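What follows is a set of notes on a single structure, which appears directly below.
These values consider heavy atoms only, across backbone and side chains, with no hydrogens, waters or symmetry-generated copies. These figures come from a predicted structure and were not determined experimentally.
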Amino acid sequence: QVQLVESGGGLVQAGVSLRLSCAASGRTFSSYAMGWFRQAPGKERELVGSINRSGGSKYYADSVKGRFTISRDNAKNTMYLQMNTLKPEDTAVYYCAAVISGNNFYIPRRLDEYTYWGQGTQVTVSA
């Protein structure tokens with residue numbers, strides 16, 4: 001089992017950068033594929049991007065491709081989301097999620113693939 005805690009959210013102006021962190025408990029962090037999701041008010045939770053257990057392969061939603069970068073440091077049990085050139089439409093609660101991964105090829109994309117979720121961190125981008 002793993003517990004996830006997001007941090008790094010805040011209120012920023014459009015065009016700036018922000019980095020979110022997702023700290024995981026436990027000693028088997030490298031066994032989990034991970035993902036970042038977001039949920040804006042009145043909208044469904046959507047995938048931002050996901051990463052395989054080694055960090056070598058990633059997937060991004062079209063809406064963030066080229067602006068956001070997912071990475072992980074398995075030695076620190078932490079995943080990151082570097083968000084550049086933020087837009088007001090990026091305003092949402094951002095969640096990290098994890099699922100045990102039996103191989104290094106697995107990059108989960110659907111919400112229902114994930115087993116563990118953090119509590120979320122608010123990101124608000126003003127125009």
Residue pair Met34 / Leu4, side-chain heavy-atom distance below 4.5 Å: yes
Spatial distance of atom NZ (Lys65) from atom OH (Tyr59) [nearest 0.5 Å]: 6.0 Å
State, with a plain yes or no, whether a side-chain heavy atom of Met83 is found less than 4.5 Å away from one of Arg67. no
How close do Ala14 and Ala127 get, heavy atom to heavy atom, and via which atoms? CB-CA, 4.4 Å
Would you compute the distance between atom CD of Gln1 and atom OG1 of Thr28 and round it to the nearest 0.5 angstrom? 10.5 Å
Which of these passes side-chain contact (heavy atoms from CB on, under 4.5 Å) with Phe68: Leu86, Thr85, Asn84? Leu86
Does some side-chain heavy atom of Tyr106 sit less than 4.5 Å from a side-chain heavy atom of Arg53? no
NZ or CZ of Arg72 within 45° of Tyr32 ring axis and under 6.0 Å: no
Check the orientation of Tyr95 and Trp117. Use parallel for under 30°, tilted for 30 to 60°, and perpendicular for over 60°. perpendicular
Could you report the tightest heavy-atom contact between Thr78 and Ser21, atom names first, then the distance? CG2-CB, 4.2 Å
Checking Tyr60 side chain against Ile70 main chain: does a donor-acceptor pair fall under 3.5 Å? yes
Following the transitive rule for hydrophobic clusters with a side-chain heavy-atom cut-off under 4.5 Å over Ile, Leu, Val, Met, Phe, Trp and Tyr, establish whether Leu47 and Val64 coincide in one cluster. no
If I take atom SG from residue Cys22 and atom CZ from residue Phe29, how far apart are they, to the nearest 0.5 angstrom? 6.5 Å
Rounding to 0.5 Å, atoms CD (Gln39) and CD (Gln122) come to a distance of 11.0 Å
Indicate, with yes or no, if Val99 and Tyr94 share a hydrophobic cluster defined by side-chain heavy-atom contacts under 4.5 Å among Ile, Leu, Val, Met, Phe, Trp and Tyr. no
Main chain of Asn104, side chain of Asn52: is a donor-acceptor contact present, judged purely on distance under 3.5 Å? yes
Are more than 12 heavy atoms from other residues, nucleotides or ligands located less than 6.0 Å from atom CD of Gln119? no
Keeping the roles fixed (side chain from Gln13, backbone from Ser126), state whether a donor-acceptor pair exists under 3.5 Å. no
Would you kindly confirm whether Val16 and Leu18 end up in one hydrophobic cluster when ILVMFWY residues are joined by side chain heavy atoms under 4.5 Å apart? yes
Backbone N or O of Asn74 within a donor-acceptor pair of the Ser30 side chain at under 3.5 Å? no
Can you give me the closest heavy-atom contact between Ile107 and Ser57, atom names plus distance? CD1-CB, 3.4 Å
Glu89, CD: over 12 other non-hydrogen atoms inside 6.0 angstrom: yes
Assigning hydrophobic clusters by single linkage (Ile, Leu, Val, Met, Phe, Trp, Tyr; side-chain heavy-atom cutoff under 4.5 Å), is Phe37 placed with Ile100? no
Is a side-chain donor or acceptor of Tyr114 paired with a backbone partner of Pro108 at a separation under 3.5 angstrom? yes
Donor-acceptor check, side chain of Thr91 to backbone of Val125, threshold 3.5 angstrom: yes or no? yes
Show the numbers, then the answer: is there a salt bridge (Lys or Arg N to Asp or Glu O under 4.0 Å) between Asp90 and Lys87? CA-CA 5 Å; Asp90 294 320; Lys87 304 175 181 180; over 6 Å; no
Nearest heavy-atom approach of Arg109 to Glu113 is N-OE2, 2.9 Å
Keeping Ser101 on the side-chain end and Ala33 on the backbone end, is there a donor-acceptor pair under 3.5 Å? no
Dump the intermediate steps for side chain to side chain contact (heavy atoms under 4.5 Å, CB included) on Ser63 and Arg38, then the final yes or no. CA-CA 12 Å; Ser63 58; Arg38 66 186 182 185; 3.5 Å; yes
Taking atom CD of Gln82 as the centre, does the number of heavy atoms from other residues, nucleotides or ligands within less than 6.0 Å exceed 12? yes
Atom CG of Leu20 and atom CH2 of Trp36: how far apart are they, to the nearest 0.5 Å? 5.0 Å
Would you indicate whether the side-chain heavy atoms of Tyr80 and Arg19 approach each other to under 4.5 Å? yes
Separation of Cys96 SG from Ile51 CD1 (nearest 0.5 Å): 12.5 Å
